[in-house]
Trainee: 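Before I ask anything, let me first share the structure, which is written out below as structure tokens.
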Amino acid sequence: MTEFTTQRLIIGILKTISENNEPIGARLIADKMNERGYSLGERGVRYHLKILDANGFTKRVGYSGRIITKKGIAEINNALVGDRMGFVISRIHELLYSTTFDPYKKSGNIIINLSIMDKDDLYRNKELIHTVIQKGYTVSPLCHIFEGGEKVSNITIPQGSVGIATICALTIDGVLLKQGIPIETKYGGIIQVDNGTPVRFTDLISYTGTSLDPIMIFMSKKMTDVMGILDNDSGLLLGNLREAPIIAHEKIMDIISLLNGADIGGVIEHIHAGDTVLSAPISPGKIGIPIYAGVNPLVVLVEKGIEVTTHPISLIMDYSEMNTIL
């Protein structure tokens with residue numbers, strides 16, 4: 001086994017432990033590593049766990065198993081940088097493939113974002129959230145509320161908090177793909193709005209070649225001004241851009257119309273071919289499709305200083321579970 005392969009194996013074990021919210025034993029780690037494509041076995045896992053313990057990357061908790069340490073988390077973040085490049089686009093492709101929503105039947109799986117916040121903060125600010133939705137600066141008014149203690153994938157919602165699943169704009173990409181339209185998710189960015197009209201992308205980050213979701217990057221840097229739009233019809237919010245062949249333009253518009261009937265929208269009326277769409281570059285022979293980000297209604301709360309932890313492009317959910325209107 002080469003040094004590079006061993007390093008990948010070590011990082012794989014650390015990731016497996018970090019994804020568990022409680023101590024995890026060698027047998028379960030071996031099973032999960034097998035799912036990742038590593039045929040290691042329980043004995044092999046125990047051998048590597050001793051190395052991780054000795055380096056301070058993991059810590060044994062009685063007979064329950066291991067937990068990851070801060071040093072271990074830092075090791076994941078620093079290791080195999082080149083291997084992590086493009087992680088986001090790979091995750092997007094996986095979720096697009098898993099999207100089964102049928103705009104004709106209004107049923108199937110969709111992609112969601114997950115935002116976690118204090119339950120009282122949500123209900124105190126519902127009117128503000130609703131205003132952003134009413135102005136059309138998001139994908140959908142539909143959501144699902146997870147209560148404290150519920151587990152969403154590998155995330156447990158803390159007591160006293162709620163998890164808010166909002167429909168991700170990439171659901172539209174997945175639907176177009178399943179309808180036979182080649183779609184390429186290009187950029188996440190900041191859209192400038194003047195007098196209620198989106199005029200340009202002021203900042204763009206390509207989904208290709210990044211290990212972090214562009215929307216998350218812009219949120220963490222607090223580069224939006226959704227409150228400015230609500231107060232003065234001018235400000236900055238989140239959006240993304242995808243490309244599709246010009247020849248598919250008419251079919252795309254038909255599908256977007258069907259999606260609107262299922263309360264899935266957010267498409268900005270600047271779909272056309274050319275060198276740019278909202279000042280963002282477009283490839284020859286393609287049309288650009290800009291869409292508002294599904295998390296915009298919650299971004300306004302972040303601007304107010306309310307703590308909201310958002311996981312864009314989180315997971316797949318059944319459309320029928322989106323049973324609450326924000």
Side-chain angles (χ1 to χ4, degrees), residues 95 99-147 150 152 157 161-176 191 193 196-198 215 219 224 226-227 229-231 233 235-240 255-269 289-304 306 308-326:
L95 291 174
T99 303
T100 61
F101 184 76
D102 186 329
Y104 297 92
K105 298 178 180 178
K106 298 181 183 180
S107 64
N109 292 335
I110 56 172
I111 304 172
I112 63 112
N113 311 297
L114 180 67
S115 299
I116 302 171
M117 62 181 296
D118 182 84
K119 187 173 185 176
D120 292 336
D121 283 337
L122 171 63
Y123 291 105
R124 276 193 294 263
N125 291 277
K126 284 194 77 172
E127 186 174 338
L128 186 59
I129 294 171
H130 187 67
T131 302
V132 179
I133 294 170
Q134 285 293 99
K135 285 183 174 288
Y137 295 128
T138 188
V139 174
S140 176
L142 300 176
C143 74
H144 181 91
I145 305 294
F146 294 97
E147 299 292 339
E150 287 192 73
V152 189
I157 308 301
S161 298
V162 289
I164 308 158
T166 53
I167 298 180
C168 178
L170 295 179
T171 294
I172 298 172
D173 299 42
V175 171
L176 292 173
I191 298 174
V193 175
T197 301
I215 297 298
M219 287 181 69
T224 61
V226 181
M227 280 302 301
I229 298 173
L230 300 186
D231 293 339
D233 281 336
L236 302 166
L237 42 66
L238 298 168
N240 42 49
I255 293 170
I256 288 172
S257 180
L258 287 170
L259 287 168
N260 288 340
D263 282 327
I264 299 175
V267 178
I268 303 170
E269 295 179 2
I289 309 170
I291 304 180
Y292 293 119
V295 296
N296 278 324
L298 297 166
V299 168
V300 71
L301 303 188
V302 176
E303 292 176 12
K304 285 187 64 179
I306 296 170
V308 182
T309 301
T310 295
H311 305 271
I313 324 173
S314 276
L315 64 148
I316 292 290
M317 279 186 66
D318 193 286
Y319 175 77
S320 64
E321 295 183 68
M322 306 303 283
N323 50 15
T324 301
I325 296 179
L326 279 173

Trainee: Listed by chain and number, what are the side-chain contact (heavy atoms from CB on, under 4.5 Å) partners of I229, not counting sequence neighbours?
Mentor: Y137, V193, L237
Trainee: Taking C-beta and beyond as the side chain, do L128 and V132 meet within less than 4.5 Å on heavy atoms?
Mentor: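 Of all side-chain heavy-atom pairs linking V132 with L128, none is under 4.5 Å.
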Trainee: Tell me if a side-chain donor or acceptor on T171 pairs with a main-chain N or O of I111 at a distance below 3.5 Å.
Mentor: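 Pair found, side chain donor or acceptor close to backbone of I111.
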Trainee: Report the residues that fulfil salt bridge (charged side-chain N to carboxylate O under 4.0 Å, His left out) with K106, sequence neighbours left out, ordered by chain and then residue number.
Mentor: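 K106: no salt bridge (charged side-chain N to carboxylate O under 4.0 Å, His left out) contacts found.
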Trainee: How about M117 and T309: do any of their side-chain heavy atoms sit closer than 4.5 Å?
Mentor: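 The answer is no; the side chains never approach within 4.5 Å.
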Trainee: Can you find a heavy atom in the side chain of I215 that is under 4.5 Å from one in the side chain of N113?
Mentor: no
Trainee: T138 and G294: which non-hydrogen atoms are nearest, and at how many Å?
Mentor: OG1-O, 3.1 Å
Trainee: Looking only at heavy atoms, what is the nearest atom pair of A169 and Y292, with distance?
Mentor: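 That closest heavy-atom pairing would be CB-O, 3.8 Å.
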Trainee: Could you state the interatomic distance from CD1 (I164) to CG (L122), rounded to the nearest 0.5 Å?
Mentor: 4.5 Å
Trainee: So do the side chains of I306 and R124 get within less than 4.5 Å of each other, counting heavy atoms only?
Mentor: no
Trainee: Would a 4.5 Å heavy-atom cut-off, applied to side chains only, mark L95 and L170 as touching?
Mentor: no
Trainee: For L176 and I172, run side chain to side chain contact (heavy atoms under 4.5 Å, CB included): C-alpha distance rounded to whole Å, both residues' side-chain angles, the deciding distance at 0.1 Å, then the answer.
Mentor: CA-CA 6 Å; L176 292 173; I172 298 172; 4.2 Å; yes
Trainee: List the atom of N125, the atom of K304, and the distance in Å for their closest heavy-atom pair.
Mentor: OD1-NZ, 2.8 Å
Trainee: Going from OG on S320 to NE2 on H144, what distance comes out if it is rounded to the nearest 0.5 angstrom?
Mentor: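 Going from OG on S320 over to NE2 on H144, the span is 10.0 Å.
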Trainee: Does V299 reach the side chain of M219, with side-chain heavy atoms less than 4.5 Å apart?
Mentor: yes
Trainee: Could you tell me whether the side chain of N109 reaches within less than 4.5 Å of the side chain of T99, counting heavy atoms only?
Mentor: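 When only atoms from C-beta onward are counted, N109 and T99 do not touch, as no gap falls below 4.5 Å.
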Trainee: CD1/I145 to CD/E321 distance, rounded to the nearest 0.5 angstrom?
Mentor: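 Atom-to-atom, I145:CD1 and E321:CD are 13.0 Å apart.
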Trainee: For P141, run the side-chain contact (heavy atoms from CB on, under 4.5 Å) check against I167, T166, I133, I129 and tell me which one passes.
Mentor: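 The residue from I167, T166, I133, I129 that satisfies side-chain contact (heavy atoms from CB on, under 4.5 Å) with P141 turns out to be I133.
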Trainee: Testing the basics here: between P297 and L301, what is the closest heavy-atom pair and its distance to 0.1 Å?
Mentor: O-CG, 4.3 Å
Trainee: Find the distance between CD1 (I110) and OG1 (T100) and round it off to the nearest 0.5 Å.
Mentor: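 Answer rounded to 0.5 Å: 9.5 Å.
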Trainee: Could you tell me the separation between the CG atom of L114 and the CD1 atom of I157, rounded to the nearest 0.5 Å?
Mentor: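 Interatomic distance, L114 CG to I157 CD1, rounded to 0.5 Å: 5.0 Å.
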Trainee: Please give me the minimum heavy-atom distance between P198 and I191, naming the atom from each residue.
Mentor: CB-CG2, 3.9 Å
Trainee: Taking side chain as C-beta onward, heavy atoms only, is V152 less than 4.5 Å from I116?
Mentor: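 They are not in side-chain contact.
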Trainee: How far does CG of N296 sit from NZ of K135, to the nearest 0.5 angstrom?
Mentor: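 Rounded to the nearest 0.5 Å, the CG-NZ separation comes to 13.5 Å.
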